[in-house]
Amino acid sequence: MAMEWVEYANGDFRITNLTSRLHNHECILNWHWPDGLQFVYIHKVPADAEPEAAEPAGEKQMKLYTIEEYKANGGLRDKIDGIGRFVYYLYPFIRDGEGSRLVRQTDGGNVIRVSTGKAKIDCKIKYKTGLFSKTKLVRITFYADISVPKEALCYVKKEGGIPASIDDGTIFPFIRDLEPGPNEMADIQIGKNDYVKVFFTDGKKYAEMYRLFVGQ
């Protein structure tokens, strides 16, 4: 029989006390199994992905996990490669004589967000000025642990001193994403008395994912 999608808000088969911890390159999830539940489906997605609007992903995109596996492993142990933020969705799965049913839990107790750390972005800013020139060149180089979208960073130009914040001067975007490893931006021509500094475009958002170090 086809798997049915049912909703239990606060009734039977509700996942509770869902926690996570990182240990030896693994994310370990623990939760309370309600009485009578033998299976859960687990769906892991990047934190910036859109959550499922109605039904979870297909069975092939999820992991079926049994209570026996849970007891043997001391929880769910998911290997972590690299740095990032993820969301785990746990769907109680009922399989009996009436068929197969996935449970939509509406109180959020079956969802947990996990951060495996912040990626490091090193930025170096160098100036080159001719003796009698009214302008100078700026070379900005980055070294990134992981890929970084161009929307995350910008540089600010200010006359007479180094910008103190993203609002302390004129904002300019970058035109390409950062790749893991070294990244050298095209030289920028500015006034002889101008200075630049690199900032997050949205400090609250991107500071959760990256650590930015800027050297002049």
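Given the structure is predicted, the values throughout are model-derived calculations rather than measurements. The analysis underlying the following values was restricted to heavy atoms, covering all of them including side chains, and did not include hydrogens, waters or symmetry mates.
Note that CD1 of I175 and NZ of K150 are 9.5 Å apart. Values are rounded to the nearest 0.5 Å. Atom CG of L37 is separated from atom CD1 of I15 by 5.5 Å, given to the nearest 0.5 angstrom. Expressed to the nearest 0.5 Å, how far CZ of R85 lies from OG1 of T116 amounts to 10.0 Å. From T170, atom OG1 reaches atom CD of E159 across 10.0 Å, with rounding to the nearest 0.5 Å. Atom CD1 of I166 sits about 10.0 Å away from atom CG of L153, to the nearest 0.5 Å. If you take CZ on R77 and CG on N30, they are separated by 8.5 Å, rounding to the nearest 0.5 Å.
With sequence neighbours excluded, the residues that form a ring-ring contact (aromatic ring centres under 6.0 Å, His included) with Y195 are Y127. Partners of K136 by salt bridge (charged side-chain N to carboxylate O under 4.0 Å, His left out), not counting sequence neighbours: none found. Applying the salt bridge (charged side-chain N to carboxylate O under 4.0 Å, His left out) criterion to K197, with sequence neighbours excluded, gives no partner residue. Partners of E69 according to the salt bridge (charged side-chain N to carboxylate O under 4.0 Å, His left out) rule, which considers only residues two or more places apart in sequence or in another chain, do not exist here.
Closest heavy-atom contact between Y91 and L102: CB-CD2, 3.6 Å. Of all heavy-atom pairs between P92 and F13, the closest is CG-O, 3.1 Å. The nearest pair of heavy atoms linking S100 to R95 is OG-CG, 3.7 Å. In terms of heavy-atom proximity, A144 sits nearest to V148 at CB-CG2, 4.2 Å. Nearest heavy atom pair, residue I112 against residue L29, reads CG2-CD2, 4.1 Å.
A side-chain N or O of Q105 and one of D107 form a donor-acceptor pair less than 3.5 Å apart.
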Intermediate values then yes/no, side-chain contact (heavy atoms from CB on, under 4.5 Å), K124 and R139: CA-CA 8 Å; K124 301 295 184 184; R139 177 165 296 179; over 6 Å; no
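Using a 4.5 Å heavy-atom cutoff, the side chains of K63 and L76 are in contact. By the 4.5 Å heavy-atom criterion applied to side chains, Y88 and D78 are counted as neighbours. Residues F93 and V40 form no side-chain contact, since every pair of their non-hydrogen atoms from C-beta on lies 4.5 Å or further apart. Between L178 and M185 there is a side-chain heavy-atom pair separated by less than 4.5 Å.
Taking the six-membered ring where tryptophan is involved, the planes of Y65 and W31 are tilted, since the angle between them lies from 30° to 60°. Between H43 and Y89, the angle of the ring planes lies from 30° to 60°, which puts this pair in the tilted group.
A donor-acceptor pair under 3.5 Å is formed between the side chain of T201 and the backbone N or O of E151. In terms of modelled atom types and a separation under 3.5 Å, the side chain of N183 and the main chain of G181 share a donor-acceptor contact. Panel note: side chain Q216, backbone V196; a donor-acceptor pair is recorded below 3.5 Å.
Other residues, nucleotides and ligands place no more than 12 heavy atoms under 6.0 Å from the NZ atom of K205. For R113, the CZ atom sits in a loose shell: 12 or fewer heavy atoms of surrounding residues, nucleotides or ligands are nearer than 6.0 Å. When the shell of 6.0 Å around NZ of K44 is examined, it contains more than 12 heavy atoms from other residues, nucleotides or ligands. Counting heavy-atom neighbours within 6.0 Å of Y143 OH, excluding the residue itself, gives a total of 12 or less.
Clustering ILVMFWY residues whenever any of their side-chain heavy atoms sit less than 4.5 angstrom apart, transitively, puts V198 in the very cluster that holds I162. Linking Ile, Leu, Val, Met, Phe, Trp and Tyr residues whenever their side-chain heavy atoms come within less than 4.5 Å leaves V114 and M209 in two separate clusters. There is a path of hydrophobic side-chain contacts, each under 4.5 Å, that joins I146 to F200. Clustering ILVMFWY residues whenever any of their side-chain heavy atoms sit less than 4.5 angstrom apart, transitively, puts F172 in a cluster other than the one holding F199. Residues I67 and I94 share a single hydrophobic cluster, defined by chaining ILVMFWY side chains whose heavy atoms lie under 4.5 Å apart.
Taking a 4.5 Å side-chain heavy-atom cut-off between Ile, Leu, Val, Met, Phe, Trp and Tyr, the cluster of F132 extends to L131. Through direct or relayed side-chain contacts under 4.5 Å between Ile, Leu, Val, Met, Phe, Trp and Tyr, I28 connects to no other residue.
Just one of T141, I188, V214 meets the side-chain contact (heavy atoms from CB on, under 4.5 Å) condition when paired with I125; it is V214.
Annotation: cation-pi pair K120/F213 present, NZ/CZ under 6.0 Å from the ring centroid and within 45° of its normal.
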